[in-house]
A.B. asks: 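This is the structure, below, for whatever I ask next.
The model shown is predicted, which means the values in this text are computed figures rather than measured ones.
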Amino acid sequence: MAKALNRYGSLIEKIFFDRYKDGAVSLDFSREDIEDAATDLDIKLPKNLGDVLYSFRFRNALPDRIVATQPEGMEWVIELAGRALYKFSLVKANRVLPRDDLVRTDIPDATPELIRAYALDDEQALLAIVRYNRLIDTFLGLTTYSLQNHLRTTVKGIGQIEIDELYVGLDKRGCHYVIPVQAKGGKDQIGIVQISQDIRFVEDKFPGMRCRAIAAQFMENEVIALFELTLQDDEIKVVEERHYRLVPAKKLNRDMIRDYRD
């Protein structure tokens, strides 16, 4: 895996520096450019070319040579720019991390043991835990339903995107909501690219419904952080953050249940 990441890092560097000039804030490239660069560097590409970019978009840092060109307070991100089109964009450094001073709410664990036994990765496990424990309902104060997970779709002006899980919901007044959820495990961080794509998807596909973009992240000691996020002035802003820990019902603190206040 590390060797493949190094090879693909060399590939990303070549595509970037073939186009980079001092002062650039956006560098366009296409799927064909990836293939051409791989040929020049004698790098064997996977069948799904999107996998080459995915890790650098959401999981791993860009190569050091690219990072060295970033002005202070800015960072390069790789965005979709249409079907088989991409671009490096220089944006304000914008990451969301769980707070370490937030109160934790204990929730009786309703996750089936069979699900815990066979979840294949952190992301899959997190989505299942959130779903079975109805944490989106608890967090937003809505009645919600999972519509589809790992939704791959296209958005006008962006191209193909993937949403980890998509919920629909309604409130006590009958207002309908679309709730895209991104799941993050391990050291993955919540960034502007996925959140902006999710919001654009809702605007494009569900123009008559309200969007509430959610991110879920595993923390230490089996705590789950949930964030409601929005975009303001091209930055991610946290509307609300809550931390939940799933525990057996017999271990719930009855005093906290009785005395808890917002």
A.B. asks: Drop me the distance from His176's NE2 to Met209's CE, to the nearest 0.5 angstrom.
C.D. replies: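 Those atoms lie 6.5 Å apart.
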A.B. asks: Excluding sequence neighbours, so at least two apart, what forms side-chain hydrogen bond (donor to acceptor under 3.5 Å, both in side chains) with Glu13?
C.D. replies: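 Glu13 satisfies side-chain hydrogen bond (donor to acceptor under 3.5 Å, both in side chains) with Arg65 only.
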A.B. asks: Using the rule given for side chain to side chain contact (heavy atoms under 4.5 Å, CB included), can you reason through Cys211 versus Val178, listing the C-alpha separation, both sets of side-chain angles and the distance that settles it, and then say yes or no?
C.D. replies: CA-CA 5 Å; Cys211 176; Val178 179; 5.6 Å; no
A.B. asks: Locate the shortest heavy-atom distance separating His243 from Ala225; write the atom from each residue and the value.
C.D. replies: CD2-CB, 3.6 Å
A.B. asks: Under the side chain to side chain contact (heavy atoms under 4.5 Å, CB included) rule, what do Glu35 and Leu45 come out as? Steps first, then yes or no, please.
C.D. replies: CA-CA 8 Å; Glu35 296 171 342; Leu45 291 171; 4.2 Å; yes
A.B. asks: List the atom of Ser10, the atom of Ile43, and the distance in Å for their closest heavy-atom pair.
C.D. replies: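 Residues Ser10 and Ile43, closest heavy atoms: CB-CD1, 4.5 Å.
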A.B. asks: Is the side chain of Asn133 donor-acceptor paired with the backbone N or O of Leu135 at a distance under 3.5 Å, no angle test?
C.D. replies: no
A.B. asks: To the closest 0.5 Å, what do you measure between NZ (Lys205) and CZ (Arg200)?
C.D. replies: 11.5 Å
A.B. asks: Look at the side-chain heavy atoms of Ile, Leu, Val, Met, Phe, Trp and Tyr, link any pair under 4.5 Å apart, and say whether Leu41 and Leu62 land in one connected group.
C.D. replies: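 Same hydrophobic cluster.
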A.B. asks: Measure the CG-CZ distance between Leu53 and Arg31 for me, rounded to the nearest 0.5 Å.
C.D. replies: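 Atom-to-atom, Leu53:CG and Arg31:CZ are 8.5 Å apart.
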A.B. asks: Can you tell me if CG on Asp101 sees more than 12 non-hydrogen neighbours from other groups inside 6.0 Å?
C.D. replies: yes
A.B. asks: Identify whether Ile115 and Val130 are in the same connected component of the hydrophobic contact network (ILVMFWY, side-chain heavy atoms under 4.5 Å).
C.D. replies: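 Cluster IDs for Ile115 and Val130 differ.
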A.B. asks: With the 4.5 Å side-chain cut-off for hydrophobic clustering, are Leu102 and Tyr244 part of the same group?
C.D. replies: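 As far as the 4.5 Å side-chain criterion goes, Tyr244 and Leu102 are not connected within one cluster.
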A.B. asks: Run the numbers on Glu75 and Val91 for side chain to side chain contact (heavy atoms under 4.5 Å, CB included), then give the verdict.
C.D. replies: CA-CA 6 Å; Glu75 65 176 337; Val91 301; 4.0 Å; yes
A.B. asks: Parallel, tilted or perpendicular: which describes the rings of Phe16 and Tyr20, with under 30° parallel and over 60° perpendicular?
C.D. replies: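 Geometry flag for Tyr20 against Phe16: parallel rings.
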A.B. asks: Atom CD1 of Ile129 and atom CG of Leu246: how far apart are they, to the nearest 0.5 Å?
C.D. replies: 6.5 Å
A.B. asks: Should Ile66 and Phe17 count as side-chain neighbours, where that means a heavy-atom distance under 4.5 Å?
C.D. replies: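 The answer is yes, as the side chains (C-beta and beyond) meet within the 4.5 Å cut-off.
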A.B. asks: Can you spot which of Val238, Ile236, Val239 makes a side chain to side chain contact (heavy atoms under 4.5 Å, CB included) with Thr230?
C.D. replies: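 Option passing the side chain to side chain contact (heavy atoms under 4.5 Å, CB included) with Thr230: Val239.
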A.B. asks: Do side-chain atoms of Asp198 reach the backbone of Ala213 as a donor and acceptor pair under 3.5 angstrom?
C.D. replies: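 Not at all, since once roles are kept as given, no pair shorter than 3.5 Å links the two residues.
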A.B. asks: Would you mind checking if Asp28 and Lys87 are paired as a salt bridge, meaning a charged N to carboxylate O distance below 4.0 Å?
C.D. replies: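 Looking at Asp28 together with Lys87, the answer is no, because their closest N to O distance does not fall below 4.0 Å.
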A.B. asks: How close do Pro180 and Arg212 get, heavy atom to heavy atom, and via which atoms?
C.D. replies: CD-O, 3.6 Å
A.B. asks: Between Phe29 and Phe88, does the ring centre distance come in under 6.0 Å?
C.D. replies: yes
A.B. asks: Out of curiosity, Met219 CE to Asp100 CG, how far, rounded to the nearest 0.5 Å?
C.D. replies: 7.5 Å
A.B. asks: Check the pair Ile224, Phe218 against side chain to side chain contact (heavy atoms under 4.5 Å, CB included), reporting the backbone distance first and the verdict last.
C.D. replies: CA-CA 5 Å; Ile224 295 171; Phe218 273 136; 4.0 Å; yes
A.B. asks: Can you list, pair by pair, the side-chain donor-acceptor contacts under 3.5 Å of residues 150-158, counting residues two or more places apart and other chains?
C.D. replies:
residue, atom, partner, partner atom, Å
His150, ND1, Glu162, OE2, 3.1
Arg152, NE, Glu162, OE1, 3.0
Arg152, NH2, Glu162, OE1, 3.4

A.B. asks: Which pair of non-hydrogen atoms, one from Ala215 and one from Leu229, has the smallest distance, and what is that distance?
C.D. replies: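 Minimum heavy-atom separation between Ala215 and Leu229: CB-CD1, 3.9 Å.
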A.B. asks: Under 6.0 Å from the OH atom of Tyr132, do we count more than 12 heavy atoms belonging to anything else shown?
C.D. replies: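 Count not over threshold, so no.
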A.B. asks: Could you check whether any side-chain heavy atom of Lys184 comes within less than 4.5 Å of a side-chain heavy atom of Val96, counting everything from C-beta outward?
C.D. replies: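 Heavy-atom side-chain distance check fails, nothing below 4.5 Å.
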A.B. asks: Can you name the closest pair of heavy atoms from Asp164 and Ala183 and give their distance?
C.D. replies: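 So the two residues come closest at OD2-N, 2.7 Å.
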A.B. asks: Begin from the C-alpha positions of Asp171 and Arg210 and carry the test salt bridge (charged side-chain N to carboxylate O under 4.0 Å, His left out) through to its verdict.
C.D. replies: CA-CA 11 Å; Asp171 63 20; Arg210 291 184 62 184; 5.3 Å; no
A.B. asks: Does Leu85 belong to the same Ile/Leu/Val/Met/Phe/Trp/Tyr cluster as Ile12, with side-chain heavy atoms less than 4.5 Å apart forming each link?
C.D. replies: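 No; tracing contacts between hydrophobic side chains, which count when under 4.5 Å, never links both residues.
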A.B. asks: Side-chain donor-acceptor pairs under 3.5 Å in residues 139-149, sequence neighbours left out?
C.D. replies:
residue, atom, partner, partner atom, Å
Thr144, OG1, Asp137, OD1, 2.5
Ser146, OG, Glu165, OE2, 2.4

A.B. asks: Would a hydrophobic clustering, with Ile, Leu, Val, Met, Phe, Trp and Tyr connected at side-chain separations under 4.5 Å, put Leu80 with Val25?
C.D. replies: yes
A.B. asks: What is the minimum heavy-atom distance between Leu27 and Arg19, and which atoms define it?
C.D. replies: CD2-O, 3.6 Å
A.B. asks: Side chains of Ser30 and Asp33: do they bring a donor and an acceptor to under 3.5 Å?
C.D. replies: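 A donor-acceptor contact under 3.5 Å links the two side chains.
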A.B. asks: Do any N or O atoms from the side chain of Gln194 and from the backbone of Gln182 form a donor-acceptor pair under 3.5 angstrom?
C.D. replies: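 Not confirmed, Gln194 side chain does not pair with Gln182 backbone.
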A.B. asks: Could you give the distance from CD1 (Ile214) to CG (Leu166), rounded to the nearest 0.5 Å?
C.D. replies: 12.0 Å
A.B. asks: Between the main-chain N or O of Trp76 and the side-chain N or O of Gln70, is there a donor-acceptor pair closer than 3.5 Å?
C.D. replies: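 Yes: the side chain of Gln70 pairs with the backbone of Trp76.
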